2 protein chains.
Amino acid sequence: MVTIADVAQKAGVSISTVSYVMSGKRTISQETRDRVESAIDALGFSPHAGARSLASRATNVIGLQAPLRSGVDVHVIMQVVTGVVTRARTQGYDILLLASDDAKALQRAARGSMVDALLVMDVESDDPRIATLTDLPHPSVLIGLPAGRRALPCVDFDFEAAGWLAVDRLVALGHRDLALIGSPPEVMARHTSYADRLARGFLAACEANDVSGTIHPCPSTPEAAQTVDRVVSEHPSATGFLVHNEGALPHAAARLAVHGGDRFDTVALCPEDVAATVPGLADSISVPAEAIGAAATDMLCEMLAGSPRQAVRLLPPHLASATKP
Amino acid sequence: MVTIADVAQKAGVSISTVSYVMSGKRTISQETRDRVESAIDALGFSPHAGARSLASRATNVIGLQAPLRSGVDVHVIMQVVTGVVTRARTQGYDILLLASDDAKALQRAARGSMVDALLVMDVESDDPRIATLTDLPHPSVLIGLPAGRRALPCVDFDFEAAGWLAVDRLVALGHRDLALIGSPPEVMARHTSYADRLARGFLAACEANDVSGTIHPCPSTPEAAQTVDRVVSEHPSATGFLVHNEGALPHAAARLAVHGGDRFDTVALCPEDVAATVPGLADSISVPAEAIGAAATDMLCEMLAGSPRQAVRLLPPHLASATKP
DNA sequence: ATGAAAGCGCTAACAC
DNA sequence: GTGTTAGCGCTTTCAT
């Protein structure tokens, strides 16, 4: 193993000089800096992460708790993780992927000085992890927006605005009776934050536009087709549809095309590349999952750099390309 | 911060005793062990990971390089990662998610003693990372099976056997003319290991069963339907289909149902839960993605524990439930 | 502009 | 069965 002492010897300087060349925390003559840098390259030296964290009390690692098992919205999760990992690296941080989704895992990582900060996805309103994070001296950011007392900084997509945007778009296309094909029943029943926020925006926008709107939970499986059948038969006047359910989307879209042909328009709420694989959409509103991960990471890095903390950041929705022929 | 010295003082023992209680590397009287353990709980002590790795030259972290951006087979990747993370934790390891897919990232993690070992997904035959890994003193395992000289231990699904199994099953259902709807053209053209292995097994099994079989690259998009149209028109006698393409699967299966109705049978090769979302399959052969991740992790942990290294491990295919009504 | 040296918190000899 | 202590490789005062 190559140590800082090897580098110092090879460059003919002291250990501390090598350290300062790396950190830039004190002025070094150009000549010395050059010698040290070439010694570093020549030896292929990388400072020992453990030694560094022991001495400096910083790990340059961010702990990430992502819902790996969730069957729902795999694409979204993957993209958020990608955004986090990529942005973290550009800021000089690595990502430790936490195995379990519980508060214990957060404590273990934090107390053991494995991480400088924590990023947590999929937090629910009364989640015990919130209290744990609040008690920890480490900065943390939630990806998502739990309802209730907001004790921690959050980054999420603005689902409420997305509801408005979808309604505005469908109304502009001439529809007066709209239906939201949404998350699976169990998610709706839990009053998951994003489902609720989307519903709120959707209904408010319907009212503001003076059109009618209904909301329908939908399984993320081929049974989505049956849900569509039911919605269509119970609401024969509905012609504008918003689908927010990655698993159900292909089945729902296909079924809506069968029922409505050109009379129907469907807007999907999902990552752009998921929408691209579904034919016949009027438009899609893209969930910028990778950007969310990046934004959360940025916020965390700013906190680590000592900025005053910003409470909530919601990324706005945008209409993306349509796939309708 | 709570240190081992705090624990030692509170328990009225020496620092080393605390250390030995944690590691179990020497016999401790039950009474002392109890006192130490309650001091640990009472103080909420977790040993400083950096200090530990500095002193013991082991991090208890495994570096994982996963193809996060790949649009293809997100479910498979997520499941493999889940398998890795979960199994690693049960073995006492944490996972550092490497940001870039290049050899430099591996070197950085290894040289900086951030990890004890490396797990790399999606390696190609002439991948420069293979040489890097070989040169490193750290143990490593590939998830996948690059063609060519096999310098490193590998864990993968037995795609060749899956080809045989699919053919046997379709032949048993009475089909004499089979078609494999496979990976996207660019993947096929690269002669990606798994696509080649599946093709080899498929063709060999067709020959052994004395039935005819053809192979067709297919985009992972709704255009899969056009591919199916073309295959059906060019091979009117084909009635048994094997689909290996997560993105194309729903579209291909639907289209095959339109063309062939009950005359056709379709076997999908994908994770079990993906197959469950597609109606009308004769059977599916499940890609045990989570098990692959777990197996690779086990192999790595065995190497870390000093076992002689095992070169290649291929998990066998199994028929899973059908969704055909 | 550079060096010397005191820790950071832990493990693992080496004592007894 | 338990204690003492010399490092592990680095950062960061304190000197010069």
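Below, chain A is the first sequence line, B the second, and so on; all start at residue 1. The model shown is predicted, which means the values in this text are computed figures rather than measured ones.
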Exercise for the section: Decide yes or no for A:Arg197 and A:Asp158: does some side-chain heavy atom of the first lie under 4.5 Å from some side-chain heavy atom of the second? Expected result: no
Handout entry: D:dG1 phosphate, OP1 or OP2, under 4.0 Å from B:Arg33 side-chain N/O
Key = no
Problem - SB check A:Arg129 A:Asp127 (cutoff 4.0 Å) - result: yes
Handout entry: Interatomic distance, A:Met114 atom CE to A:His138 atom NE2 [nearest 0.5 angstrom]
Key = 11.0 Å
Exercise for the section: Check the distance between C:dG9's P and B:Asp6's CG and give it to me in whole angstrom. Expected result: 9 Å
Practice task
Quickly work out the A:Met114 CE to C:dG9 P distance and round it to whole Å.
Solution key: 17 Å
Handout entry: Nearest-angstrom distance from the residue atom CZ of B:Phe45 to P of C:dG9
Key = 10 Å
Exercise for the section: May I ask you to verify if any side-chain N or O of A:Ser29 is less than 4.0 angstrom from the OP1 or OP2 atom of C:dA1? Expected result: no
Problem - Side-chain N,O (B:Thr3) to OP1/OP2 (C:dG9) below 4.0 Å - result: no
Exercise for the section: Starting from C1' on C:dT11, measure out to NE2 on A:His48 and report it in whole angstrom. Expected result: 13 Å
Problem - Atom CD of A:Glu37 with >12 non-hydrogen neighbours under 6.0 angstrom - result: yes
Practice task
Identify whether any heavy atom of B:Ser53 sits under 4.0 Å from a base atom; if not, whether one sits that close to sugar-phosphate; answer base, sugar-phosphate or nothing.
Solution key: nothing
Problem - Given C:dC10, D:dG1, D:dG9, the nucleotide with the shortest approach to the side chain of B:Ala51 - result: C:dC10
Handout entry: Enclosure of A:Gln107 CD (heavy-atom neighbours >12, cutoff 6.0 Å)
Key = yes
Exercise for the section: Give a yes/no on whether any side-chain N or O of B:Arg52 is located under 4.0 angstrom from OP1 or OP2 of C:dT11. Expected result: yes
Which pairs, protein N/O on one side and nucleotides 12-16 of chain D N/O on the other, fall under 3.5 Å?
| unit_1 | atom_1 | unit_2 | atom_2 | d |
| --- | --- | --- | --- | --- |
| D:dT12 | OP2 | A:Lys25 | NZ | 3.1 |

Fill in the blank from the handout: Separation of C:dA6 atom C1' from A:Leu54 atom CG, nearest Å, is 13 Å
Practice task
Indicate yes or no: at least one non-hydrogen side-chain atom of A:Arg87 is less than 4.5 angstrom from one of A:Asp298.
Solution key: yes
Handout entry: Euclidean distance, atom CD1 of residue A:Ile4 to atom C1' of C:dA5 [Å, nearest integer]
Key = 14 Å
Practice task
Starting at atom CE of A:Met1, determine the distance to atom P of D:dC10, rounded to an integer number of angstrom.
Solution key: 6 Å
Problem - Neighbour count above 12 (heavy atom, 6.0 Å) for A:Arg313 CZ - result: no
Completion exercise
In whole angstroms, the gap separating P of C:dT11 from CG of B:Asn60 amounts to 10 Å
